[in-house]
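None of the values given here were measured: they were computed from a predicted structure. We number each residue from 1, following the sequence as shown. Note that ligands are numbered from 1 as they come in the structure, with each ligand's atoms numbered from 1 the same way.
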Amino acid sequence: MSHRIGHGYDVHAFCDGDHVTLGGVRIAHERGIDAHSDGDVVLHALCDALLGALALGDIGQHFPPTDARWKDCDSRVFLRHCAALLAERGWHVSNADITVLAEAPKIGPHREAMRAAIAQELGSEIERISVKATTTEKLGFVGRGEGLAAEAVVLIDRILR
Ligand code: MG
């Protein structure tokens, strides 16, 4: 068995709006997300972790924000693409561990829906997908409510023949 690890990090600023999308789940909120796509920091960090494990660059290379095709795009499209790159090369997700950094909205009520959405796109079991959350104790841009961030770590496996 061969193993690889990948890490991803993403940030988006809040703007006027009435919802955010996190982990493929639409969550009602008093602010929106300023982004070219749907601005899903969870899926963007996860995609970067998967691309990192494959040493295939980053999400900006695969889905340039200058490309009109990705305007307001559902980020599950990005994750599906990364999952296909993984599968083509014979890799499986052993586990993914994601941390959302946000003062609001509350992540807990949406955690299971995010895990299920991610597991579905990766063709993985929900037990392999972890979604955690923390505030930053009112410190920094997250603490001031200017935006939110996510970090992701993945381990991928491939059976050597
Ligand atoms: Mg992003």
Side-chain angles (χ1 to χ4, degrees), residues 4-86 91 93 95-111 113-124 129-136 139-156:
R4 285 184 168 201
I5 195 164
H7 172 259
Y9 176 67
D10 193 45
V11 172
H12 280 283
F14 285 126
C15 64
D16 289 342
D18 61 4
H19 73 280
V20 300
T21 305
L22 290 171
V25 177
R26 185 186 168 108
I27 300 171
H29 190 49
E30 63 206 16
R31 310 298 312 278
I33 295 288
D34 186 17
H36 185 68
S37 67
D38 64 6
D40 189 327
V41 291
V42 168
L43 298 193
H44 295 183
L46 179 56
C47 285
D48 260 356
L50 292 166
L51 292 171
L54 293 169
L56 286 177
D58 59 42
I59 192 171
Q61 280 175 263
H62 290 259
F63 302 98
T66 49
D67 189 329
R69 273 182 301 168
W70 315 126
K71 177 99 180 76
D72 299 325
C73 180
D74 181 337
S75 294
R76 286 177 297 185
V77 170
F78 305 157
L79 185 57
R80 224 166 281 155
H81 173 79
C82 294
L85 292 174
L86 212 72
W91 293 95
V93 173
N95 76 304
D97 185 19
I98 301 155
T99 303
V100 183
L101 297 94
E103 295 292 332
K106 288 239 175 296
I107 304 303
H110 309 285
R111 182 196 316 268
M114 289 186 210
R115 293 177 68 207
I118 292 165
Q120 182 178 336
E121 295 304 336
L122 293 178
S124 181
I129 311 298
S130 160
V131 175
K132 316 195 298 294
T134 184
T135 70
T136 60
L139 297 172
F141 70 90
V142 169
R144 291 189 295 271
E146 295 168 8
L148 72 184
E151 293 198 42
V153 176
V154 297
L155 186 72
I156 60 174

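- When the N, O or S atoms of Asp10 are ranked by distance to the Mg ion (ligand 1), OD2 comes first.
- The aromatic rings of Phe14 and His29 sit tilted relative to each other, their planes meeting at an angle between 30° and 60°.
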Which pairs would a plain distance check flag for residues 139-154, meaning a side-chain donor or acceptor within less than 3.5 Å of a matching protein atom at least two apart in sequence or in another chain?
residue	atom	partner	partner atom	Å
Arg144	NE	Glu146	OE2	2.7
Glu151	OE1	His7	NE2	3.2

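- With a cut-off of 2.8 Å, the Mg ion (ligand 1) has no N, O or S atom of Asp40 in range.
- None of Ile107, Thr99, Ile98 except one satisfies the side-chain contact (heavy atoms from CB on, under 4.5 Å) rule with Lys132; the exception is Thr99.
- His12 contributes NE2 as its N, O or S atom closest to the Mg ion (ligand 1).
- Between the Mg ion (ligand 1) and the N, O or S atoms of His44, the shortest distance is to ND1.
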Could you pull out every donor-acceptor pair under 3.5 Å between side chains of residues 40-62 and any protein atom, sequence neighbours left out?
residue	atom	partner	partner atom	Å
Asp40	OD1	Gly23	N	2.9
Asp40	OD1	Val42	N	3.2
Asp40	OD1	Leu43	N	3.1
Asp40	OD2	Gly23	N	3.1
Asp40	OD2	Gly24	N	2.7
His44	ND1	Asp10	OD2	3.1
His44	ND1	His12	NE2	3.4
His44	NE2	Ser37	OG	3.4
His44	NE2	Ser75	OG	2.8
Asp48	OD1	Ile59	N	2.7
Asp58	OD1	Gly60	N	3.1
Asp58	OD1	Gln61	N	3.1
Gln61	OE1	Asp58	N	3.1
His62	ND1	His81	NE2	3.3
His62	NE2	Leu56	O	2.7

